[in-house]
Peer 1: 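Below is a structure I'd like to ask you about.
These numbers were taken from a predicted model, which means no experiment stands behind them. Order of listing sets the numbers, starting from 1, for every ligand and every atom in it. Side-chain atoms are counted along with the backbone in the values below, which use heavy atoms only and exclude waters and symmetry mates.
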Amino acid sequence: MKYFYLETFGCQMNVVDSEQISALMRGIGYEPVTAPELADLVLLNTCSVRDKAERKVYGHLGRFKPIKDKRPELIIGVGGCVAQQEGQRMLDTVSYLDLVFGTHNIHRLPEMVQQVEQTRQRASETDFLDRETRLNLFPERSVSESVTRFVTIMQGCDNFCSYCIVPHVRGREISRSSAEILGEIETLVAAGVREVTLLGQNVNSYGCKTDHEMSFPHLLREVDSIAGLKRLRFATSHPKDITTELIDCFGQLNSLCPQIHLPVQSGSDRILGLMNRGYDVADYLDKVRRLKAVCPQIRLTTDIIVGFPGETEEDFQETLTLVEQVRYADAFTFLYSPRVETAAASMTDHASARQKQQRFDRLLKLQQQISGEIWQADANRVMPVLVEGTSKQGDGQLFGRTVWNRIVNFNGPQELVGRIVPVTIVKVLRNSHLGDYQENL
Ligand code: SAM
Ligand code: SF4
């Protein structure tokens, strides 16, 4: 028996890619292990959205060197966005690395691993594939016992937001066929999955560039009609592509959770223009207002970049104002990180690192206050919780999620896994709730 150890960085797309990597490695006789010391093959699936994420990969690789020094037959490989960007350069820089595989080359991994096993020749494959070839390479993963699953509906991105590396490392946007997506979800539901999250860099443009393919709202309706599926979510939505038809889905589809991640990035029209986002603050707020009108209980989350080149105190104040107006349940806040090849990397910037950090801290403080108020409103309420499994908190607790994707830990019998049960929220913590399940509620 041979063993592989796989570590995943970054977004949900990488989580799905890692599931595919695992399935492929099992196909050539490797079983997963939870420590690199036990493995014959170590793989890192990487993220390059921010400089920090990228540096982390090099730092991490260093951890495996002593293991390779002791066991030179250990194979070490890097895939994902950093691998795509760096390619052969990674092999040149890291002497103990054996394999580099790009974002379009995951399907080649079994052959690459076998080649290294047999010849001990190091290998790098980072070619972008054409559209037709990629369409046949959407993840094939094994059906697992989980209650919730991510399902990729599209790959790549054509938006070229001026700060973002994704279009450069993931290639052009393509949509997977709706027949395949619906088939996969039916199989998952038959195996016990109760919630799916449809994934893409911009799910709202699903099908737009493919002849005879359905639109995203149409796809949502089809998924919603699959018997046995209890909850449906999606990520990520680009605000410029939200249609009235999509907004209406929130008032009509039973399984669609009242929650949307709608990255705004900035509250300043000037900065949004420089970011090439394709909407202004008024457009964004109008869509938020319509979502709240159709679905009053909806909770929004967002991404915000602080310190984009040229951001002034006034621009930043406009971001704070927008955050106060929308009242996001949560926000992922990022300090701008220049990325090679992107348009923003060559824009002039006057704010100091200290000013940017201070803005970041102010935004975080405001958001934490708003998040605290929104989540605190759940206290003492009975909420339907989809039970996913045993909690990481230990103590034999179970965990599940509310419709708003909030984790709830509570005591209860194992048979509840896979069911939606009423749980009283007894304590609101920073990132999760503590609940009380009573059978007769
Ligand atoms: N496709 C998604 C969208 O448009 O909302 C987001 C994908 S990106 C992986 C996730 C988030 O990372 C973005 O929404 C943005 O806030 C942040 N991000 C991307 N590039 C960044 C950069 N160069 N510096 C800081 N944050 C960045
Ligand atoms: Fe990046 Fe913009 Fe595409 Fe999202 S939509 S992946 S932020 S380029």
Peer 1: Quick check on contacts: which atoms of ligand 1 are under 4.0 angstrom from a heavy atom of Pro263?
Peer 2: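 Heavy-atom distances to Pro263 below 4.0 Å select 5 (O).
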Peer 1: Tell me, which protein residue and heavy-atom name are nearest atom 21 (C) of ligand 1, and how many Å apart are they?
Peer 2: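 Result for atom 21 (C) of ligand 1: Tyr163 CD1, 3.7 Å.
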Peer 1: For a distance under 2.8 Å, give residue and atom name for each protein N, O or S atom next to atom 3 (Fe) of ligand 2.
Peer 2: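 Only Cys157 SG fall inside 2.8 Å of atom 3 (Fe) of ligand 2.
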Peer 1: Of all the atoms in ligand 1, which lie at a distance below 4.0 Å from a heavy atom belonging to Arg277?
Peer 2: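 So the answer, numbered in order with elements, is 4 (O).
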Peer 1: Against heavy atoms of Arg339, which atoms of ligand 1 measure under 4.0 Å?
Peer 2: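 By the 4.0 Å cutoff, the relevant atoms are 23 (N).
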Peer 1: For atom 12 (O) of ligand 1, what's the nearest protein heavy atom and its distance?
Peer 2: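 Of every protein heavy atom, Arg50 NH1, 3.3 Å lies nearest to atom 12 (O) of ligand 1.
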Peer 1: Does the ring center of Phe332 lie less than 6.0 Å from the ring center of His261?
Peer 2: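 Ring centres of His261 and Phe332 closer than 6.0 Å.
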Peer 1: With atom 22 (C) of ligand 1 as the reference point, say which of Ala345, Ser337, Gly200 has the nearest heavy atom.
Peer 2: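 Looking at heavy atoms only, the winner is Ser337.
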Peer 1: Is the shortest distance from a heavy atom of Arg170 to ligand 2 less than 4.0 Å?
Peer 2: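 Contact absent.
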Peer 1: Looking at Glu388 and Arg401, is there a salt bridge between them, counting it only when a charged N and a carboxylate O are closer than 4.0 Å?
Peer 2: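 Looking at Arg401 and Glu388, the cut-off is met.
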Peer 1: Considering distance alone, does some N or O of His238 sit under 3.5 Å from an N or O of ligand 1?
Peer 2: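 There is no such contact.
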Peer 1: Can you list the atoms of ligand 1 that are under 4.0 Å from a heavy atom of Phe334?
Peer 2: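 In order of number, 11 (C), 12 (O), 16 (O), 17 (C), 25 (C), 26 (N).
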Peer 1: List every atom of ligand 2 that sits less than 4.0 Å from any heavy atom of Arg277, numbering the atoms from 1 in the order shown and giving each element.
Peer 2: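 Contacts of ligand 2 toward Arg277, numbered from 1: 2 (Fe), 7 (S).
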Peer 1: With only distance considered, is Tyr336 within less than 3.5 Å of ligand 1 through an N or O on each side?
Peer 2: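 Min N/O separation from ligand 1 is not below 3.5 Å for Tyr336.
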Peer 1: Give a yes/no verdict on whether any heavy atom in Asn202 is under 4.0 Å from an atom of ligand 1.
Peer 2: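 So Asn202 does not count as touching ligand 1.
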Peer 1: Using atom types as modelled and distance alone, determine if a side-chain donor or acceptor of Asp378 lies under 3.5 Å from a backbone N or O of Ile425.
Peer 2: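 A pair under 3.5 Å: no.
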Peer 1: Could you give me the CA-CA distance, side-chain angles and deciding distance for Lys68 and Asp98, then say whether salt bridge (Lys or Arg N to Asp or Glu O under 4.0 Å) is met?
Peer 2: CA-CA 11 Å; Lys68 179 109 175 174; Asp98 299 287; 2.6 Å; yes
Peer 1: Could Arg430 and Trp375 be counted as a cation-pi pair, given that NZ or CZ must be under 6.0 Å from the ring centre and within 45° of the axis?
Peer 2: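 The answer is no; the distance or angle limit is not met.
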Peer 1: Taking the basic N atoms (NZ, or NE/NH1/NH2) and the acidic carboxylate oxygens, is any pair closer than 4.0 Å for Glu314 and Arg270?
Peer 2: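 A salt bridge is absent here (no side-chain N lies under 4.0 Å from a carboxylate O).
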Peer 1: Do Arg176 and Glu213 meet the salt-bridge criterion of a basic N to acidic O distance under 4.0 Å?
Peer 2: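 Salt bridge: no.
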Peer 1: Please determine whether a side-chain nitrogen of the Lys or Arg among Asp248 and Arg221 lies less than 4.0 Å from a carboxylate oxygen of the Asp or Glu.
Peer 2: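 Salt bridge: no.
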Peer 1: Whether Lys356 and Asp349 form a salt bridge (side-chain N of Lys/Arg under 4.0 Å from carboxylate O of Asp/Glu) is what I want to check.
Peer 2: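 A salt bridge links Asp349 with Lys356.
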Peer 1: Decide whether an N or O pair under 3.5 Å exists between Gln201 and ligand 1.
Peer 2: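 N/O-N/O distance under 3.5 Å: yes.
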Peer 1: I'd like to know if the side chain of Asp283 and the backbone of Asp280 have a donor-acceptor N/O pair within less than 3.5 Å.
Peer 2: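 Confirmed, Asp283 side chain pairs with Asp280 backbone.
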Peer 1: Between the candidates Val306, Val49, Asp303, which shows the shortest non-hydrogen contact distance to atom 18 (N) of ligand 1?
Peer 2: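 The residue whose heavy atom sits nearest atom 18 (N) of ligand 1 is Val49.
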Peer 1: At under 4.0 Å between heavy atoms, which part of Leu335 makes contact with ligand 1: side chain, backbone, both or neither?
Peer 2: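 The part of Leu335 near ligand 1 is the backbone, not the side chain.
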Peer 1: Quick test of your reading of the model: are Asp92 and Arg89 salt-bridged, counting only N-O distances below 4.0 Å?
Peer 2: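 Salt bridge: no.
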Peer 1: Can you tell me if Ser237 uses its side chain to pair, donor with acceptor, with the backbone of Pro239 under 3.5 Å?
Peer 2: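 Pair absent, no side-chain N/O of Ser237 close to backbone of Pro239.
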Peer 1: Counting only nitrogen or oxygen atoms and a 3.5 angstrom limit, does Ser237 reach ligand 1?
Peer 2: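 No.
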Peer 1: How far is atom 3 (C) of ligand 1 from the closest protein heavy atom, and which atom is that?
Peer 2: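 Nearest protein contact, heavy atoms only, for atom 3 (C) of ligand 1 is Thr236 CG2, 3.7 Å.
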Peer 1: Looking at atom 8 (S) of ligand 1, tell me if a protein heavy atom falls under 4.0 Å from it.
Peer 2: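 Protein heavy atoms within 4.0 Å of atom 8 (S) of ligand 1 - there are none.
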Peer 1: So which heavy atom in the protein is nearest atom 15 (C) of ligand 1, and how far is it from that ligand atom?
Peer 2: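 Checked against all protein heavy atoms, atom 15 (C) of ligand 1 sits closest to Gln265 OE1, 3.5 Å.
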Peer 1: Under the 3.5 angstrom rule, does the side chain of Asp158 hit a backbone N or O of Glu173 as a donor-acceptor pair?
Peer 2: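 Yes, the answer is positive, given that a donor and an acceptor are paired below the 3.5 Å cut-off.
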